[in-house]
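Data first, discussion second: the structure below is written as structure tokens.
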Amino acid sequence: MDILANFGDGLLVALQPQNLLYCFIGVFLGTFIGVLPGIGSMAAISMILPLSFYLEPTSALVMIAGVYYGAEYGGSIASILMNIPGTPSSSITCIDGYPMARDGRAGIALFASAIASFGGGMIGMVVMAVLAPALASLALNFGPTEYFAVILLGLVAASAVSNGSPVKGVAMVVAGLMLGTVGVDITTGAERFTMGVPELRDGVSLVIVAMGLFGVGELIVSIKANATGAHQNKIDYKQFYPSRAEWKAMFSPILRGGGIGSFFGALPGTGQTVASAVAYAVEKKVSRSAARFGKGAIEGVAVPESANNSATQTAFIPTLTLGVPGSASMALVIGALMIHGITPGPRLLVEHADLFWGLVASFLIGNVLLLVLNIPMIGLWVRLLQIPYKYMYPTIIVLICMGVYSVNNNVFDIWLTLVFGWAGYLMRLFRFEPAPLLIGFVLGPMMEEQLRRAMLLSRGDPTVFVTRPISGVLIAVTIGLLIYTFATALRARRRARAAA
């Protein structure tokens with residue numbers, strides 16, 4: 001009853017005219033910026049941050065939050081239509097969203113993305129309202145060993161993202177791990193695998209890898225296939241909405257994605273990309289028709305989008321209740337609060353209850369606004385696919401180059417993106433899926449960092465990973481999953497040989 005009363009008070013705050021206006025401005029600008037490849041929520045918040053200094057604290061936080069989850073939703077549009085991740089977390093949406101667009105189901109994919117984002121956002125909002133103190137305490141119990149075990153489980157599950165041989169999936173994960181080691185060692189300061197190139201000292205940007213493997217790689221495949229027309233010549237607005245079977249197929253993935261995203265969003269340092277990757281891998285494992293994933297399965301669009309948006313909501317839990325930013329974007333949120341004289345931490349829920357519950361209630365309003373804004377615009381977005389390829393290809397290349405260049409203002413990044421584009425093309429030729437590589441690249445540096453911390457705290461004792469209860473259980477699950485994956489692949493190979 002206290003939670004409902006507090007949420008009701010927060011709804012009154014969020015429904016004040018000025019807060020409604022700034023919530024609308026936030027989600028509108030966030031969606032628009034999210035569509036632009038490579039920009040992302042970090043840049044979107046940075047652009048709008050100076051304006052927040054002249055607002056009331058609640059209005060400023062509501063607007064920043066709207067930009068944050070609006071940009072994450074907008075990133076899925078470019079992912080689905082052009083196979084260009086608008087944000088790093090939406091790169092997982094490319095895996096099934098773009099094949100749906102190529103099959104003439106772009107409208108259904110965009111509709112599924114909007115509904116899944118709304119569902120995940122609602123789950124994240126409920127989790128934040130009900131479990132904020134409990135999740136904050138759980139996050140405090142996660143040390144380096146637990147983080148390492150969670151990430152290791154995610155990497156093993158990532159091998160399931162690959163269609164075909166699990167050996168190829170594991171190989172791609174390992175390749176991603178190796179790629180993640182490029183740059184300056186955070187512990188020793190030594191350069192690793194930079195080959196004397198100064199631009200590689202900071203490592204390879206996730207934007208470069210995602211744009212190259214998915215955007216440029218797919219572009220090369222399409223050009224080699226001599227594609228000259230457009231994706232579809234006639235738009236049938238009746239095909240914009242999922243069938244009854246597709247609605248049913250989306251329901252459970254949205255719930256699972258929302259739950260997984262809520263958990264990872266509340267853990268500092270993980271975020272939406274990890275949540276989307278793990279949710280996709282888990283969904284493919286539990287699905288009865290895993291072979292459809294990567295070929296245009298609507299579940300493959302619903303689950304990462306749900307996880308992405310729920311993680312976006314619950315990312316505010318450690319930021320506001322512990323004062324621990326889980327990402328660079330959340331660090332900007334803390335900076336905005338401190339400029340207004342508000343210190344995030346356990347006392348915030350007591351001393352600034354109207355701000356906290358007003359923000360939680362604004363998630364409901366903001367996600368409804370996203371639906372109202374974007375579902376009527378599905379037809380407009382799908383019309384982009386009617387543009388002939390001879391005009392579309394140069395435009396896509398220009399957008400990719402602009403997005404990549406905007407990260408570091410470095411021409412070297414553009415050339416590196418083209419290298420990854422050709423690598424992505426070669427992977428497709430030899431039937432190696434790029435998705436596990438991307439997941440390994442994202443999770444690898446975090447896993448290495450947590451491994452080193454755990455070994456330092458345990459004075460080099462490796463048994464700490466199995467003696468601590470949470471990490472021990474997670475590692476046992478990881479080993480079981482690994483054994484199950486290879487045993488299943490071995491049985492399938494034996495059946496194929498017997499049939500032959």
Side-chain angles (χ1 to χ4, degrees), residues 27 30-31 34 41 65 68-77 79-80 85-97 100 108-131 135 154 157-158 160-161 242 246-267 270-287 292-293 296-317 363-364 366-371 374-375 378 435 439:
V27 297
T31 304
S41 58
Y68 187 39
Y69 54 80
E72 294 299 330
Y73 170 75
S76 66
I77 297 173
S79 298
I80 292 170
T87 59
S89 58
S90 62
S91 58
I92 307 301
T93 309
C94 291
I95 300 173
D96 281 279
M100 289 183 69
I108 295 177
L110 289 171
F111 192 93
S113 172
I115 295 299
S117 296
F118 177 79
M122 292 298 96
I123 293 172
M125 181 200 70
V126 172
V127 168
M128 185 173 178
V130 177
L131 300 178
L135 283 177
V161 175
E246 288 171 327
W247 274 106
K248 185 177 179 181
M250 282 195 298
F251 182 74
S252 295
I254 289 175
L255 293 180
R256 281 190 286 267
I260 293 172
S262 297
F263 174 74
F264 280 98
L267 296 177
T270 51
Q272 299 94 323
T273 306
V274 176
S276 298
V278 173
Y280 186 92
V282 169
E283 187 62 33
K284 186 172 181 180
K285 273 295 180 185
V286 302
S287 175
R292 295 189 302 107
F293 280 71
I298 196 168
E299 303 97 309
V301 174
V303 72
E305 286 301 300
S306 176
N308 178 19
N309 257 39
S310 62
T312 301
Q313 319 290 334
T314 56
F316 284 88
I317 293 176
F363 291 161
L364 171 62
N367 279 282
V368 171
L369 285 175
L370 280 175
L371 280 181
N374 288 288
I375 287 182
I378 288 177
I439 296 171

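All values below come from the heavy atoms of this structure, side chains included, with hydrogens, waters and symmetry mates left out. Computed from a predicted model, the values in this text were never measured in an experiment.
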From Y68 atom OH to F316 atom CZ, the distance as rounded to the nearest 0.5 Å: 7.0 Å

Using the ring-ring contact (aromatic ring centres under 6.0 Å, His included) criterion, which residues pair with Y73? Sequence neighbours excluded. none

Atom CD1 of I92 and atom SG of C94: how far apart are they, to the nearest 0.5 Å? 8.5 Å

Distance col, row S79:OG vs I95:CD1, nearest 0.5 angstrom, shows 10.5 Å

Could you tell me which residues satisfy side chain to side chain contact (heavy atoms under 4.5 Å, CB included) with V282, sequence neighbours excluded, listed by chain and number? I260, V278, V286

Pairs flagged by salt bridge (Lys or Arg N to Asp or Glu O under 4.0 Å) wherever residues 108-119 is involved - sequence neighbours left out: none

The test is side-chain contact (heavy atoms from CB on, under 4.5 Å); show your working for M125 and N367 and say whether it passes. CA-CA 10 Å; M125 181 200 70; N367 279 282; over 6 Å; no

Distance check, rounded to the nearest 0.5 Å: S262 atom OG versus I123 atom CD1? 6.5 Å

Enumerate, atom names and distances included, each donor-acceptor pair closer than 3.5 Å involving a side-chain atom of residues 248-256, sequence neighbours excluded.
{"residue": "R256", "atom": "NE", "partner": "E283", "partner atom": "OE1", "Å": "2.8"}
{"residue": "R256", "atom": "NH2", "partner": "E283", "partner atom": "OE1", "Å": "3.4"}
{"residue": "R256", "atom": "NH2", "partner": "E283", "partner atom": "OE2", "Å": "2.9"}

Main-chain N/O of G258 paired to S306 side chain as donor or acceptor, under 3.5 Å: yes

Measure the CD-CE distance between Q313 and M122 for me, rounded to the nearest 0.5 Å. 6.5 Å

Write down the atom of N308, the atom of T312, and the distance for their closest heavy-atom approach. O-OG1, 2.8 Å

If you define the side chain from C-beta out and look only at heavy atoms, does anything of V368 sit under 4.5 Å from F118? yes

If you look at every heavy atom in A279 and G257, which pair is closest and at what distance? CB-CA, 4.3 Å

For a side-chain contact (heavy atoms from CB on, under 4.5 Å) check, start with the C-alpha distance between M100 and I80, then their side-chain angles and the critical distance, and finish with the verdict. CA-CA 8 Å; M100 289 183 69; I80 292 170; 5.8 Å; no

Rounded to the nearest 0.5 Å, what separates atom CD1 in I298 from atom CZ in R292? 9.0 Å

Donor-acceptor pair, side chain of D96 and main chain of F293, under 3.5 angstrom: no

Taking distance alone, no hydrogens or angles, what donor-acceptor pairs closer than 3.5 Å link side-chain atoms of residues 108-116 to residues at least two apart or in another chain?
{"residue": "S113", "atom": "OG", "partner": "S76", "partner atom": "OG", "Å": "3.0"}
{"residue": "S113", "atom": "OG", "partner": "E305", "partner atom": "OE1", "Å": "3.3"}

Quick one: closest heavy-atom pair of V303 and Y280, and the distance? CG1-CA, 4.0 Å

For S310 and A307, the nearest pair of non-hydrogen atoms, with its separation, is OG-O, 3.1 Å

